[in-house]
S.K.: 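Encoded as structure tokens, here's the structure I'll be asking about.
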Amino acid sequence: MKISKTYNPKQVEDKIYQLWEKSGFLKASPKSKKQPFCIIMPPPNANGILHIGHAVFVTLEDIMTRYQRMKGKEVLWLPGADHAGIMTQVTYEKKLAKQGKSRLKLGREEFYKQTYKFSMENKKVMETQLRKLGASCDWSRSKFTLDPKISKAVFYTFKKMYKDGLIYRGKRIISWCPRCQTALSNLEVIYQEKKDPLYYIKYGPLTLATVRPETKFGDTAVAVHPADKRYKKYVGKEIEIQTVLGKAEVKVVADKAVDPEFGTGVVKVTPAHDPNDFEIGQRHNLEIRQVIGFDGKLNKKAGKYAGMKVREARKIIAKDLEKMGLMEKIDFNYKHRIAICERCKTIIEPLISEQWFIRAKKLAAPAIKAVEDKKIEFIPTHYKKLYYHWMKNIRDWCISRQIWWGHRIPVWYCECGEITVDIEKPKSCPKCKGKKLKQDPDTLDTWFSSGQWPFTVFGWPRQTKDFQYFYPTSVMETGWDILFFWVARMIMLGIYCTGKAPFRYVYLHGLVRDKDRQKMSKSKGNVIDPLGVITLYGTDALRMALVFGTGSGKDTIISEEKIIGQRKFSNKIWNATRFILMNKPPLINTDKKLIGTDKNLTGADKKILKVLEKTIKSVNKDLENFRFGQAAQTLYHFFWHDFCDKYIEKSKSQMSNVKTKENTQKILYYVLLTSLKLLHPFMPFVTEEIYQKLPLKNKKKCLMIETWPN
RNA sequence: GGGCGGUUAGCUCAGUUGGCUAGAGCGUCGCAUUGACAUUGCGGAGGUCACAGGUUCAAGUCCUGUACCGCCCACCA
């Protein structure tokens, strides 16, 4: 057998992956008598191709998966894809726009159909890419969040929560994205610092500061701090004010939310268009007067300003105020944080609208307890604090979105006013027996369905064999940036739906950054395309570079040099094997017991065996404690510097001595095989390829299912 | 306003329950080498482990404080 001088991943990887997939060892069975180990893959969004962040999670999860499989557990790593509501809708709409088409022209049904097709195509591409990354997952169980069975489970949960009083419909102030035309949860809103003029406007005898004079038509009060002596005499009274639309009367209320230090200590209260004002309004029973519509334009309550967009109206109104002598002064250097849409960066318009909400506090309590009781543990542990903080201050969760792509809310309205919540469309109204039922036009927040992912993938609410055997799962591995979006929701919904915390450990990895610690982004031009890198240096090199010397849960620093360094390592393993195979016995038995006793061992023999033992111990300990970066470093150092540089060099003389030849050869094969096993979770392709070439007795079909060294 | 993380070699980072002369990759300097591998080997230079105290036989590691950097959460108009 001729072996090439250098390791050539391109010729090896696809062939090896096929070997694994055809072997059937990637499939898990709930009938197994072994101990289960299960990771649910965080389903990538089905709206694009994989990036380097995906390569991180694949590497980490595959390391755990392969390690546990070799340790003899029944391992299931379950893949899938997420429909990613708003994100996919935005992506597909952009695609349509390029073709001169639009969502509205297509209509709801056709748009859904096309987006579904688009997502399925992406899912297929992604699955090919996951294979290229070496992901040893069970493809026979691949799922999609909009699969009919999964959707049914999601509706089941909705119905159950509605019955339990955990879901309600209500008119609330929500964050509205005028571009996406939908409500957003507070997590989908991000903040950006911006400089805006701060206007000091005369309100009758008072002066107040605001950045949004255009909302003044919605003012239903003016508020001051209860302890503010300057304004005490006005509290509870109506004051007459001059506005751009004429004279009006407005009530003065005292509320502790007002900061007497800011501006003049007087604030206008616009309950319909500001979250704080909404709350002040609730406390003082103020009228809610909506003056801005869902299109982001002023409505007819704004008189002559009706139809103007918020920002242009602001300028014009400010000018008019000045003309009328109502503007006391303008501070042009005022910096504040404005809310923008996480997806499209459009400025958020707080609006009152009817939405569906989850009473989150009730779900949060047991979710907090599960972590306190160590039913779930976080790695790194400090994320526990963040989790507690968020869970203890949780607010009701707005779960309705005014988009078309996703699970349509399973609620039907009858002309008679009856509301029916069910998994499927009711045949007729249970109250009036009428047949004219209209389904709620909204869809559910993506995270509502992905929050149930760890059990809906197993066919829950049916008590399937899979569910009983694999749930609760072992590890949830994902990025810390979706701790609240996803992990917290999975814990809450998991406990609520199944009575059990959905996983034992949460491992949170960091962000991928370049060597200047910059976050990777297309606009910065510093992205590393995992598949491009793979064609250049091989999957193993990329995987090893992603974990090598990275502290658990810390940001992953990656650079091309680092990947090249690991390609060299792949080649080193390859060539060490080539050397060992130069002295090829017919078939070698690598049972350690057959290696000579102390008496016939040289100093070098003893040393390498001892260091190997130490390496095995420390790698095991590291892997048990999720210290993958450390394990990778230990293995790298052992293989290169202890085995290759020292022992293999020494073996050259030992092999030419008849007395030591046989033992040396056995040790070479033994250490090589053990190293391959230990390295396999990190570098699956090169190790498997070499394993296939070794002349071993008792060889298994693949290294993937070899026995892990303990 | 709260909270979290970081500060170790020129650069990027490891360093487990405190325990050998503090490590790796890349870079750098010198030497070697046509039979495993130049995607190499050997050797060297390079560190007051941010700073100041404290606990200890022993501190990069634990405690307290300070400085700087980064991040998250929060309703300041």
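Values below: all heavy atoms of this structure, side chains included; hydrogens, waters and symmetry mates excluded. Reminder, nothing fancy here: chain letters follow the sequence lines and each chain counts from 1.
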S.K.: What are the atom names and distances for every N/O pair under 3.5 Å that joins the protein to nucleotides 22-27 of chain B?
M.R.:
unit_1	atom_1	unit_2	atom_2	d
B:G25	OP1	A:His641	NE2	3.4

S.K.: Give me the residues of residues 269-279 of chain A where at least one heavy atom lies under 4.0 Å from an atom of RNA chain B, by number, or none.
M.R.: A:Asn276

S.K.: List every contact pair, protein side and nucleotides 60-63 of chain B side both N or O, where the distance is under 3.5 Å.
M.R.:
none

S.K.: What is the separation between atom CG on A:Asp642 and atom P on B:C42, rounded to the nearest whole Å?
M.R.: 11 Å

S.K.: Can you label the angle between the A:Tyr231 ring and the A:Tyr234 ring as parallel, tilted or perpendicular, going by 30° and 60°?
M.R.: tilted

S.K.: Does the separation of the ring centres of A:Phe628 and A:Tyr507 fall below 6.0 angstrom?
M.R.: yes

S.K.: For a quick check of understanding: with a heavy-atom distance under 4.0 Å over all strands, which category does A:Ile580 fall into, base, sugar-phosphate or nothing?
M.R.: nothing

S.K.: Under a cut-off of 3.5 Å for both distances of each Watson-Crick or G-U pair, what dot-bracket string does RNA chain B give, using [ ] for crossing pairs and | for inter-strand pairs?
M.R.: (((((((..((((.....[...)))).((((((....).))))).....(((((..]....))))))))))))....

S.K.: Across the strands shown, which category fits A:Thr210 at heavy-atom distances under 4.0 angstrom: base, sugar-phosphate, nothing?
M.R.: sugar-phosphate

S.K.: If only side-chain N and O atoms of A:Arg337 are considered, is one of them under 4.0 Å from the OP1 or OP2 phosphate oxygen of B:C75?
M.R.: no

S.K.: Nearest whole angstrom, please: distance from the P of B:C73 to the OH of A:Tyr383.
M.R.: 12 Å

S.K.: Protein-nucleotides 3-7 of chain B N/O pairs closer than 3.5 Å?
M.R.:
none

S.K.: Can you tell which of B:A77, B:U16, B:C71 lies closest to the side chain of A:Asp622?
M.R.: B:U16

S.K.: If the condition is side chain to side chain contact (heavy atoms under 4.5 Å, CB included), which residues does A:Pro42 pass it with, not counting sequence neighbours?
M.R.: A:Phe57, A:Glu61, A:Thr478, A:Trp486

S.K.: Just say parallel, tilted or perpendicular for the rings of A:Tyr7 and A:Trp574, cut-offs at 30° and 60°.
M.R.: tilted

S.K.: When all nucleic acid strands are considered with a 4.0 Å heavy-atom cut-off, which category describes A:Val266: base, sugar-phosphate, or nothing?
M.R.: nothing

S.K.: Classify the ring geometry between A:Phe569 and A:Trp640 as parallel (under 30°), tilted (30 to 60°) or perpendicular (over 60°).
M.R.: parallel

